[in-house]
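The next block holds one structure in the form of structure tokens; read it before the comments.
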Amino acid sequence: MRYRFALVILGLFIAGFFNSCEYFKTTKPAGQPVARVGEEYLYQSDIDELIVPGMSTEDSTLVVSSFITRWATQKLLMKGAKLNISVDEQQRLEDLVTQYKSDLYAQAYKDALVARNMDSTVTDTEAIAFYENNTENFKLNENLLKLRYIQLNENDYNIETIKSKFIRYNKDDQRYLDSIAVQFKAHYLNDSTWIRLDKVVTTIPPVNMENSDRLLNKTDFIQLRDSLGLYLIAVKDRLKRNDEAPLEYVKPTVKQILLNRRKLELIKELEKDITKDAIKNKQFEIYN
């Protein structure tokens, strides 16, 4: 099996890593104590990294004091728990800690194996096929628009030219508007991309959620005014909540779904291989 060598190497690596952590923990030099709770000490080396360059004396004193207080509180709570919680409850908690530790190790191992072995590329062809077979699962949770808009000052000298090119909007018009965009107070000219209605509402002051259905229908052109200026708006397309989500809008989600499925399938395969190898090497036996 092509993953087995990787399983062995990564297993040794991760085991070595965690073992080295335990080694440093147990052989750490005592150093200068700064606090004590019962027989347990907090050392200067434990708090040195709390102080960062540029920190004032007042701030560093507050940070260290807070850390020491939290450390002592946790130690005292732990001691109180061992004195006041029943033996059975302590054993239950210890079992939970052991299980959590086991889960952490297993997850770290699986993540390392997946990172090493999984192909993280999802092609557009794969995404399209999955989307077309599951369109009923991709419904919009928000209203979407394809639109362009320009915000102008009322006294701009070439407003009529801008209006004409904005409405017609052929390739020459697009190049012209892009070339003078620096004079606009605000603009969005990419009408081939879906954008959320709530984002449009926060961007164009005269439009709000209450009047958006009336003002932002699919239309070639609408002109609005307020105290801030003149707004030219063209809505190319519109989709409402619960409509089928367009592929180009949900493609990142589709690709992530496919990656998650691929990851789960790979993990299942790796778990089977680990068990088979353990049985083959006499490391795992079931007694009748």
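Nothing fancy with the numbering, it's 1 onward along the sequence. What you see is a predicted model; the values in this text were computed from it and never measured.
By the 4.0 Å N-to-carboxylate-O rule, Arg175 lies close enough to Asp172 to be salt-bridged with it. With respect to Glu40 and Lys75, a salt bridge is recorded, a charged nitrogen being found less than 4.0 Å from a carboxylate O.
Interatomic distance, OG1 of Thr121 versus NZ of Lys255, reported as 9.0 Å (0.5 Å rounding). Considering NZ of Lys199 and CD of Glu142, their distance stands at 12.0 Å, rounded to 0.5 Å. Atom CG of Leu270 and atom OH of Tyr109 lie 8.5 Å apart (nearest 0.5 Å). Taken from CG in Leu152 to CZ in Arg225, the straight-line distance is 10.0 Å, to the nearest 0.5 Å. Taking CG of Leu145 as the start and NZ of Lys240 as the end, the distance is 11.0 Å to the nearest 0.5 Å. Between Leu197 atom CG and Thr202 atom OG1 the span is 9.5 Å, to the nearest 0.5 Å.
Under the 4.5 Å side-chain heavy-atom criterion for ILVMFWY residues, no single connected hydrophobic cluster contains both Tyr231 and Leu189. Criterion: ILVMFWY side-chain heavy atoms under 4.5 Å apart, direct or through other members. Under it, Tyr41 and Val64 are not part of a common hydrophobic cluster. Hydrophobic cluster membership is shared by Val52 and Leu50, with clusters built from Ile, Leu, Val, Met, Phe, Trp and Tyr side chains linked at under 4.5 angstrom. Using a 4.5 Å cut-off between side-chain heavy atoms of Ile, Leu, Val, Met, Phe, Trp and Tyr, with links allowed through other members, Ile180 and Tyr188 fall into different hydrophobic clusters. Both Leu177 and Leu230 are part of a single hydrophobic cluster, where members link through side-chain heavy atoms under 4.5 Å apart.
Here the shortest heavy-atom pairing between Asn153 and Ile159 reads O-CD1, 3.6 Å. For the residue pair Val122 and Ala127, the shortest heavy atom distance occurs at CG1-N, 4.5 Å. A pairwise comparison of heavy atoms in Leu215 and Ile222 identifies O-CD1, 3.5 Å as the closest pair. Between Asn134 and Phe130, the shortest heavy-atom distance links the atoms ND2-O, 2.7 Å. Of all non-hydrogen atoms in Asn208 and Glu210, the two that sit nearest each other are OD1-N, 3.0 Å. In terms of heavy-atom proximity, Leu239 sits nearest to Pro246 at CD1-CD, 3.5 Å.
A donor-acceptor pair under 3.5 Å is formed between the side chain of Gln90 and the backbone N or O of Lys82. In this structure, the side chain of Ser66 does not engage the main chain of Val63 through any donor-acceptor pair within 3.5 Å. Side-chain N or O atoms of Thr73 include one that pairs as donor or acceptor with a backbone N or O of Thr69 at under 3.5 Å. Judged by distance alone, with hydrogens and angles left aside, the side-chain atoms of Thr98 form a donor-acceptor pair with the main-chain N or O of Glu94 at under 3.5 Å. Between the Arg241 side chain and the Leu140 main chain, no donor and acceptor come within less than 3.5 Å of each other. Under the 3.5 Å distance criterion, the side-chain polar atoms of Asp213 are left unmatched by any main-chain donor or acceptor of Leu216. Counting only distance, with no hydrogens or angles, the side chain of Ser65 and the backbone of Thr61 share no donor-acceptor pair below 3.5 Å. Although no hydrogens or angles enter the test, the distance criterion places a donor-acceptor pair under 3.5 Å between the side chain of Asp46 and the main chain of Tyr43.
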Gln174 vs Asp178, test: side chain to side chain donor-acceptor pair (under 3.5 Å). Steps then yes/no.
CA-CA 6 Å; Gln174 293 174 35; Asp178 283 336; over 6 Å; no
Please step through side chain to side chain contact (heavy atoms under 4.5 Å, CB included) for the pair Asn217 and Val235, ending with a clear verdict.
CA-CA 7 Å; Asn217 285 313; Val235 179; over 6 Å; no
Assess the residue pair Phe67 and Leu42 against the criterion (side chain to side chain contact (heavy atoms under 4.5 Å, CB included)); give the C-alpha distance rounded to whole Å, side-chain angles, the decisive distance to 0.1 Å, and a yes or no.
CA-CA 10 Å; Phe67 181 83; Leu42 181 68; 4.1 Å; yes
Derivation and outcome, salt bridge (Lys or Arg N to Asp or Glu O under 4.0 Å), residues Lys251 and Glu248
CA-CA 5 Å; Lys251 187 183 289 184; Glu248 62 266 34; over 6 Å; no
Tyr176 and Thr161: side chain to side chain contact (heavy atoms under 4.5 Å, CB included), yes or no, with the steps?
CA-CA 10 Å; Tyr176 173 81; Thr161 300; 3.9 Å; yes
Take Gln99 and Asp103 through the side chain to side chain donor-acceptor pair (under 3.5 Å) test and state the conclusion after the steps.
CA-CA 6 Å; Gln99 183 60 52; Asp103 291 342; 2.8 Å; yes
Leu228 and Gln151: side chain to side chain contact (heavy atoms under 4.5 Å, CB included), yes or no, with the steps?
CA-CA 9 Å; Leu228 299 176; Gln151 181 183 356; 3.9 Å; yes
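Ring centers of Phe138 and Tyr131: under 6.0 Å apart, within the cut-off.
In this structure, Leu259 and Arg262 have side chains that are in contact, with non-hydrogen atoms separated by less than 4.5 Å. Side-chain atoms of Tyr169 and Phe221, non-hydrogen and from C-beta on, never get closer than 4.5 Å to each other. Residues Ile47 and Trp71 are not in side-chain contact: their nearest non-hydrogen atoms beyond the backbone lie 4.5 Å or more apart. Looking only at side-chain heavy atoms (C-beta outward), Ser212 and Asn143 stay at 4.5 Å or farther from each other. Between Leu62 and Glu58 the shortest side-chain heavy-atom distance does not fall below 4.5 Å. Using a 4.5 Å cut-off on side-chain heavy atoms (C-beta onward), Glu244 and Val250 make no contact. Proximity of Glu271 to Thr275: side-chain heavy atoms (C-beta onward) are nowhere separated by under 4.5 Å. Counting heavy atoms from C-beta outward, Leu93 and Val97 have side chains that stay 4.5 Å or more apart.
Side-chain atoms of Glu89 and Ser86 form no donor-acceptor pair, as typed in the model, at a separation below 3.5 Å.
For Lys185, the NZ atom sits in a packed shell: over 12 heavy atoms of surrounding residues, nucleotides or ligands are nearer than 6.0 Å. Environment of CD in Glu49: sparse, with no more than 12 heavy atoms of neighbouring residues, nucleotides or ligands closer than 6.0 Å. The 12-atom threshold is not exceeded at CE of Met78, counting heavy atoms of other residues, nucleotides or ligands nearer than 6.0 Å. Under a cut-off of 6.0 angstrom, the local environment of NZ in Lys139 is crowded, with over 12 non-hydrogen atoms contributed by other residues, nucleotides or ligands.
Each of Arg148, Arg238, Lys218 was evaluated against Asp191; a single residue qualifies, Arg148, per the salt bridge (Lys or Arg N to Asp or Glu O under 4.0 Å) test.
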